[in-house]
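Reading through the structure tokens given below for one structure.
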Amino acid sequence: MTTAGEQQGPIRIDTLGDWRRSDYCGALRASDIGRELLLMGWVAGRRDHGGIVFIDLRDRTGIVQIVLDPDDSPVAHERAHALRSEYVVAVKGKLTARPEETRNPALPTGEVELRVSEIRVLSTSRVLPFPLDDETEANEAVRLKHRFLDLRRPRLTSNLMARHRATTAVRSYLDGKGFIDVETPILTRSTPEGARDYLVPSRVNPGMVYALPQSPQLFKQILMVSGFDRYYQIVRCFRDEDLRADRQPEFTQIDIEMSFVGQEDVMALTEGLLVAGAKAIGAPVPETPFPRMQYDEAMRRFGTDRPDTRFGLEIVELSDLMRESKARILQSAVERGGIVAGILAEEGKQLSRRELDELVAWVQTLGAGGLAWIRAAEDGWQSPLAKFFDEGEREKICERTGLRTGGVLFLVAGPRTHALQVLGQLRLRLGHMLKRIPEGQWNYLWVTDFPLLEYNLEAKRLSAVHHPFTAPKDEDLERLGTEPESVKAQAYDVVLNGTELGGGSIRIHRPDVQAKLFEALGIDETQQRQQFGFLLDALSFGAPPHGGIALGLDRLCMLWLGESSIRDVIAFPKTQKASDPMSEAPSAPNAAQLRELGLRFVVRE
RNA sequence: GGGGUCGUAGCUCAGCUGGUUAGAGCGCCGGCCUGUCACGCCGGAGGUCGCGAGUUCGAGCCUCGUCGGCCCCGCCA
């Protein structure tokens, strides 16, 4: 950038006048040759030969080549020298076939070009802070500060247009199935459990706050009680938790609830919706019904409740073989009620000693006791634990896991759930390292039969795995009071390639069952009234059996479009610190605002 | 709350073991150029090495702190 570049230059800005666009740039084809056109767009590139000038004109549909030839119009040609990147221009002219040898097969519009008879310069541009091509990936902070420019990049433009097609298809699909789009409040009340809330102080109720919804859960259930029967909403949700590549503080859910249905009905509907969405966005259309897997099996084989089933490297348990082992670390884990389990990498030979050491160190950062490995080399086992295993044990281990020469077996010992989760993460990492994850495969999967409750170590009480309105399986109902942790929920998650797309459940519609669940959760009657009174009221006035699901629209679009960050399918996303470099949100409130709200900030040490 | 990584020209990045005047490509500015499409050729401008302390004769490079981007753990019913 130079000072000269900051000047707008002597170029004259024209008015739009009565000019109106006749066509979009990206749609022009050989069939349009001969037409008189009026195009409007941004200067995406300029090749000025002095005697003849080529302009790449871009709008949201694509790029078409514009030719400014003094033989066509000396005036337009003369003005073309002053054009710069991202100037906005309108051009009038005739669409012609490009001379045979100058066609550009890389461009959908490469067979044609517009020969300009008249040009209007509608707007100029400062020099760009970063190039707008799809190749150079500028620093995210710079991109977000100038999001209006970032969004001009063809990839982001087409991502947002594709997202629009998906949401349109979803609305049309749900409308066709008789669903009613109903809006629910953004200013609502905080509910306990779940994520941290974003709070909004109420001016007219000093000392009181609203919470932004983490999801419209209670409202959609109430709509069922009200008899709407089938509800949907494409709705913003807010969770004040730390961000990830696939997580934003505000995100969009496709929220669905329906009455007089069971789990299978919701799942079938969801599959149809995903088919419609995938079709509209141009992603491979999944086959239905999707495969199913019970939660217990997912944990046992994949160490997670959202397994990526595109590759093997499954978990194998070895606890029974280690009960008597001389390898104390492994043996004692079993003795204490934990497990020993492993993952076999058949092609583990390609992992260097250094990579193995890095894996061991990495697993330790996950909070696991440690990671042991056994490398089956030509001349015997190489392993920190090798000396502890006799011939018989080695044979059994090989038999159980399939370990053979060239392979590496990874072992983790510890409390069951934790060991499995660590292995689940190790599995993903190995999948990447060994390039085992196939591109172009789309494994949709239902995970079912979640436990209803789990023991929360921090809170020292049971908490809901899904949420406290999830119905237990009918046959498990009576165990709610006696063995609550054995009760399964009528809950289901849909997973794509190891990413959770969404989840739902059949809800509790009977006040007596809901009360039992609150009891199991240790929420007393006063708290119940205070926190969920309105839902309990609603359930007591004739609630239909109902259930639903919520799907993460941003994540869906991200996966469907092959993006690795949710930010690239959201027009105005936030950084990892939940800030927006463009608008500079969040910002400090001024004194008058604080006074009016009756707030005072206390500086945290 | 924690771990990792990055921050040098508008952008992407190089910069050795701490040592003279901090480089490249692209972009930008000026000139030339009638079939380019990553146009080409000639010339030029452009730097708070994120910021602040410290060590040192000397810091882009070492130390500490801090700010910011990204990835991950915890967290996200």
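Sequence lines set the chain letters: A, B, ... in the order given, protein chains first and strands last, and positions in each chain run from 1. Remember, predicted model here, so these are calculated numbers, not experimental data.
Remark: B:C70 base-pairs with B:G4. Criterion, Watson-Crick or G-U wobble with two distances under 3.5 Å. Nucleotide B:G43 forms a Watson-Crick or G-U wobble pair with B:C29, both donor-acceptor distances falling under 3.5 Å. Base-pair partner of B:C64: B:G52 (Watson-Crick or G-U wobble, both distances under 3.5 Å). Pair check for B:C75 finds none; no Watson-Crick or G-U wobble contact set falls under 3.5 Å. Taking a pair to require two hydrogen-bonding distances under 3.5 Å in either a Watson-Crick or a G-U wobble arrangement, B:G35 remains unpaired. Nucleotide B:C57 is matched to B:G19 when pairs are restricted to Watson-Crick or G-U wobble geometry with both distances under 3.5 angstrom.
A:Asn104 has its CG atom 6 Å from the C1' atom of B:C37, to the nearest Å. Atom-to-atom, CZ of A:Arg429 to C1' of B:C71 comes out at 11 Å; the value is rounded to the nearest Å. Distance A:Leu107 CG to B:G35 C1': 15 Å, rounded to the nearest Å. Note: CG (A:Leu426) to C1' (B:C73) measures 15 Å, nearest angstrom. Taking atom CD on A:Glu86 and atom P on B:C11, their separation rounds to 17 Å, with Å as the unit. Atoms CZ (A:Arg115) and C1' (B:U34) sit 10 Å apart, rounded to a whole Å. With rounding to whole Å, A:Leu57 atom CG is found 16 Å from B:U36 atom C1'. Look at CD on A:Glu358: it is 18 Å from P on B:C72, rounded to the nearest Å.
One N or O donor and one acceptor, one from the side chain of A:Arg247 and one from the base of B:C75, sit under 3.5 Å apart. The base of B:U36 is paired with the side chain of A:Arg98 by a donor and an acceptor separated by under 3.5 Å. Taking 3.5 Å as the limit, the base of B:U12 and the side chain of A:Glu137 contain no donor-acceptor pair of atoms between them.
Separation of the A:Phe532 and A:Phe518 ring centroids falls under the 6.0 Å cut-off.
Note on A:Glu500: nothing from the nucleic acid sits closer than 4.0 angstrom, heavy atoms only. A:Glu135 comes within 4.0 angstrom of nothing in the nucleic acid, heavy atoms only.
Counted by atom type alone, A:Gln253 and A:Ser215 present zero donor-acceptor pairs between their side chains at under 3.5 Å. For the residue pair A:Arg507/A:Ser505, the side-chain donor-acceptor check at 3.5 Å is satisfied. A donor-acceptor contact closer than 3.5 angstrom is absent between the side chains of A:Asp554 and A:Gln248.
Within the structure, every side-chain polar atom (N or O) of A:Arg244 is placed at least 4.0 Å from both OP1 and OP2 of B:C75. Phosphate contact (OP1/OP2 of B:U12, side-chain N/O of A:Arg143, threshold under 4.0 Å): absent. Between A:Arg47 and B:C39 there is a side-chain polar atom (N or O) within less than 4.0 angstrom of OP1 or OP2.
With distances taken from any side-chain atom of A:Thr102 to the nucleotides B:C29, B:U36, B:C75, the minimum falls on B:U36. Looking at the side chain of A:Asp48, the nearest of the listed nucleotides B:G35, B:C71, B:C33 is B:C33. When distances are taken from the side chain of A:Val127 to each of B:C28, B:C37, B:C11, the shortest belongs to B:C28. You'll find that the side chain of A:Ile52 is closest to B:U34, out of B:C11, B:G74, B:U34. Considering only side-chain atoms of A:Asp242, the nucleotide from B:C29, B:U34, B:G1 that sits closest is B:G1. Listed nucleotides B:C76, B:C28, B:C29 differ in distance to A:Arg239; the shortest reach to its side chain belongs to B:C76. Side-chain proximity of A:Asp71 to the nucleotides B:C75, B:U34, B:G10 is greatest for B:U34. Relative to the side chain of A:Gln65, the nucleotides B:C28, B:C11, B:G35 differ in distance, and B:G35 lies closest.
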Kindly give the atom pairs (protein nitrogen or oxygen, nucleotide nitrogen or oxygen) under 3.5 Å for nucleotides 67-69 of chain B.
| unit_1 | atom_1 | unit_2 | atom_2 | d |
| --- | --- | --- | --- | --- |
| B:G68 | OP1 | A:Lys577 | NZ | 3.3 |
| B:G68 | OP2 | A:Lys577 | NZ | 3.1 |
| B:G69 | OP1 | A:Thr575 | OG1 | 2.9 |

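By the 4.5 Å heavy-atom criterion applied to side chains, A:Phe302 and A:Ile315 are not counted as neighbours. Within the 4.5 Å cutoff, the side chain of A:His81 has heavy atoms near those of the A:His77 side chain.
In this structure, the aromatic ring of A:Phe130 is not positioned over the six-membered ring of the base of B:C11 within 5.5 Å between centres and 30° between planes. In this pair, A:His49 lays its aromatic ring flat on the base of B:C39, centres within 5.5 Å and planes under 30 degrees apart.
Along RNA chain B, the nucleotide nearest A:Ser85 and the nucleotide nearest A:Pro99 are compared for position; the residue whose nucleotide lies closer to the 5' end is A:Ser85. The 5' end of RNA chain B is approached more closely, in terms of each residue's nearest nucleotide, by A:Val67 than by the other of A:Val465 and A:Val67.
Comparing B:U66 with B:G23, their P atoms are spaced 34 Å from each other, to the whole Å. Comparing the P positions of B:A45 and B:A22 gives an interatomic distance of 14 Å, to the nearest angstrom. For the P atoms, the distance from B:C73 to B:C61 is 33 Å, rounded to whole Å. Taking atom C1' on both nucleotides, B:C11 is separated from B:G52 by 27 Å, rounded to a whole Å. Only the P atoms considered, B:C64 is 15 Å distant from B:G18, to the nearest whole Å. Between B:G46 and B:U56, the distance separating the two C1' atoms is 32 Å to the nearest Å. The P atoms of B:G2 and B:A59 are separated by 32 Å, rounded to the nearest whole Å. For the P atoms, the distance linking B:C37 with B:G60 amounts to 42 Å, nearest Å.
Judged by the 6.0 Å distance and 45° axis criteria, A:Arg427 is positioned over the aromatic ring of A:Phe311.
By the neighbour-count criterion of 12 heavy atoms within 6.0 Å, atom CH2 of A:Trp42 is sparsely surrounded, having that number or fewer from other residues, nucleotides or ligands. Around atom CZ of A:Arg239, more than 12 heavy atoms belonging to other residues, nucleotides or ligands sit under 6.0 Å away.
Considering A:Arg306, A:Arg567, A:Arg555 as possible partners of A:Asp246, the one that fulfils the salt bridge (charged side-chain N to carboxylate O under 4.0 Å, His left out) test is A:Arg555.
The aromatic rings of A:Phe450 and A:Tyr295 sit tilted, their planes meeting at an angle between 30° and 60°.
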